[in-house]
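Atoms within each ligand, like the ligands themselves, are counted from 1 in listed order. Treat the numbers as computed from the prediction; the structure is a model and nothing was measured. Values below: every heavy atom of this structure, side chains too, minus hydrogens, waters and symmetry copies.
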Amino acid sequence: MNSRTESITLIGAGLVGPLLALGLVKRGFKAEIYERRPDMRRVRLSAGRSINLALSARGIHALTEAGLWSEMQKIVIPMKGRMMHSIASELTFQPYGKDESEVIHSISRAELNIALMNAAEAQGVSIAFQQRCMGMDFGTGRLQLRDEQTGDEKALESGVVIGCDGSASAIRGEMRKRNRFSLSQHQLDYGYKELTIPAGPGASHVLETNALHIWPRGNYMLIALPNVDGTCACMLFLPFQGPDSFAQLTTPSDVIEFFDAKFPDAAELMPELAENFFVNPTGSMVTIKCSPWHAEGRALLLGDAAHAIVPFFGQGINCGFEDCTCFLALLDRHGPDWGRVFAEFERARKVNTDAIADLAVENFVEMRDRVADPLFLFRKKVELALQERYPLLFVPKYAMVTFHRIPYATALQRGNVQDRILTELCDGIDRVEDLDWSKANRLIHGELTPLELAS
Ligand SMILES: Cc1cc2nc3c(=O)[nH]c(=O)nc-3n(C[C@H](O)[C@H](O)[C@H](O)COP(=O)(O)OP(=O)(O)OC[C@H]3O[C@@H](n4cnc5c(N)ncnc54)[C@H](O)[C@@H]3O)c2cc1C
């Protein structure tokens with residue numbers, strides 16, 4: 001069957017599933033989603049509830065294509081830069097971009113998920129909750145589903161299945177049983193904990209509103225992102241074991257003493273710190289690379305199911321939404337020739353998703369450690385000066401990834417070249433005025449070609 005009345009089955013109504021389903025119904029397909037959790041619009045879910053995400057150019061582009069971005073303005077807060085909090089509670093602000101047009105947007109993951117599910121359902125997507133995918137036969141297209149309330153299992157015949165079921169994907173688990181499926185999973189030896197800073201009077205923010213707050217402490221860090229209700233969603237990233245680790249924080253007084261010593265200005269703003277800490281689970285983080293992403297022209301992995309990354313570049317969902325942009329463009333080009341669309345999708349995306357996976361790990365060291373280093377801050381200033389003089393040649397790595405839709409692999413490769421150039425230019429100076437511009441000119445023109453920056 002390849003008519004537009006064909007029904008596509010998606011597994012997972014997280015962030016990517018509903019957005020992709022929306023794109024499919026707009027193209028005349030039927031789309032139904034099976035989701036293992038209860039409907040978060042009716043049942044309060046705890047884990048992941050208070051996580052905020054940073055949306056940037058790639059995510060915004062996909063939401064704009066879906067006609068959803070303008071509606072989302074009321075649930076996002078622009079963040080212009082990083083506000084670093086030292087151990088002595090001093091503040092240093094470092095802008096993300098060259099001017100105020102280059103911002104990232106804080107959004108509650110739960111609010112975004114709800115907005116996407118509402119929009120998908122309004123366009124005719126059906127979402128069945130508490131239906132866990134248990135496996136799939138790629139030969140017949142038969143899916144095995146379990147009702148999480150009753151425990152009943154049922155089989156479902158489906159022509160095409162897209163696994164949007166996140167980093168622990170059941171569809172990927174099924175592909176793993178096949179010959180020549182390669183999988184690498186790297187668990188970070190750090191965990192994260194969701195915490196909250198309550199709103200001030202009149203739902204105001206008690207921290208600067210338009211910034212992503214970071215308490216960088218070398219081997220670990222706390223971050224906080226503003227919410228529209230005046231609260232700030234915080235995440236503590238700590239090693240699981242060793243000194244200054246989750247293993248050391250076993251009682252309420254351990255937690256309070258640790259925060260008072262390491263994050264004193266944040267501790268003052270968290271009256272329910274110890275309660276929050278022990279109610280919320282400690283999350284783990286994983287990088288997953290696998291291949292192939294598709295089987296028998298019947299099943300495809302997309303989003304975190306295909307390429308989970310650690311959260312330190314704020315790109316997980318931006319990358320997943322860019323998957324949707326790429327997949328739908330290929331579907332428009334080739335029509336429902338699924339085997340071809342799936343293969344071309346993986347060919348186009350994998351090199352880029354592997355690159356952002358590596359960039360995300362690299363950025364962890366930058367966020368928790370280097371942002372507090374004067375040499376790093378000086379290099380940032382030099383980067384901005386070079387970008388101002390060579391706007392199409394020298395675009396900082398952070399900007400290539402965050403404010404443009406330059407392929408991630410290109411951003412990684414050019415970023416490495418630029419890092420080398422920066423090291424040469426910053427050697428022996430500590431003022432931008434002392435930059436050797438003739439050397440900069442030679443290095444930049446010699447090693448970099450102009451970028452196409454339209455996004
Ligand atoms: C702490 C943290 C901070 C982050 N910060 C950012 C950020 O700032 N910016 C950013 O872009 N990204 C960020 N991310 C990453 C982002 O959350 C993920 O990339 C994104 O949620 C992936 O979307 P997805 O739809 O592929 O998977 P998910 O959102 O995980 O959705 C998968 C869905 O599938 C369902 N499911 C799973 N298994 C089954 C099954 N067997 N049957 C049926 N349903 C199933 C799940 O219940 C879930 O609803 C962060 C992640 C974490 C953990």
Side-chain angles (χ1 to χ4, degrees), residues 9-21 33-40 45 47-60 62-63 76 79 104-110 112-114 116-117 127-136 143-148 156 161-174 188 190-195 212 223 225 233-237 280-288 301-324 353 356-357 360 363-364 367 401-402:
T9 304
L10 295 98
I11 306 299
L15 298 179
V16 161
L19 183 68
L20 185 65
I33 308 182
Y34 292 88
E35 163 60 48
R36 77 173 153 79
R37 293 175 310 185
D39 186 346
M40 66 166 71
L45 306 174
R49 182 80 206 178
S50 58
I51 286 184
N52 270 38
L53 306 174
L55 272 177
S56 50
R58 299 163 206 266
I60 292 169
L63 291 169
V76 302
M79 298 182 291
I104 59 176
H105 299 265
S106 173
I107 187 166
S108 144
R109 180 186 181 144
L112 175 61
N113 208 156
I114 288 169
L116 289 168
M117 289 192 292
I127 309 179
F129 293 94
Q130 294 185 282
Q131 300 295 314
R132 181 189 288 266
C133 171
M134 304 296 289
M136 179 178 176
L143 274 170
Q144 204 60 33
L145 296 170
R146 185 177 75 198
D147 185 310
E148 294 284 83
L156 180 84
V161 175
I162 306 185
C164 302
D165 48 348
S167 59
S169 165
I171 300 294
R172 193 184 65 237
E174 205 60 70
L188 215 59
Y190 281 72
Y192 70 90
K193 182 77 82 177
E194 299 171 36
L195 299 167
L212 188 151
I223 67 171
L225 283 79
C234 304
M235 266 174 286
L236 171 68
F237 296 95
N280 293 335
T282 306
S284 55
M285 292 167 282
V286 64
T287 300
I288 293 179
L301 303 174
L302 193 138
D304 274 20
H307 47 71
I309 63 177
V310 295
F312 306 110
F313 224 121
Q315 284 296 308
I317 198 50
N318 291 290
C319 177
F321 284 177
E322 192 173 60
D323 280 0
C324 297
T353 60
I356 189 61
N363 217 46
F364 186 27
M367 281 181 87
V401 169
T402 307

Thinking salt bridges, do Arg172 and Glu174 make one under a 4.0 Å N-O criterion? no
For ligand 1, what is the set of protein residues having any non-hydrogen atom at a distance below 4.0 Å? Ile11, Gly12, Ala13, Gly14, Leu15, Val16, Tyr34, Glu35, Arg36, Arg37, Ile51, Leu53, Ala54, Arg109, Gln131, Arg132, Cys133, Cys164, Asp165, Gly166, Ala170, Tyr192, Met235, Gly303, Asp304, Pro311, Gly314, Gln315, Gly316, Ile317, Asn318
Hey, could you give me the CG/CD1 distance between Asp39 and Ile127, rounded to the nearest 0.5 Å? 7.5 Å
How long is the span from the CD1 atom in Ile309 to the CD1 atom in Ile317, to the nearest 0.5 Å? 10.0 Å
Starting at SG of Cys133, measure out to CD1 of Ile171 and round the result to the nearest 0.5 Å. 4.0 Å
Minimum heavy-atom distance between Leu225 and Ser106, given as atom pair plus value: CB-OG, 3.6 Å
Could you list the residues that satisfy side-chain hydrogen bond (donor to acceptor under 3.5 Å, both in side chains) with Asp165, not counting sequence neighbours? Ser169
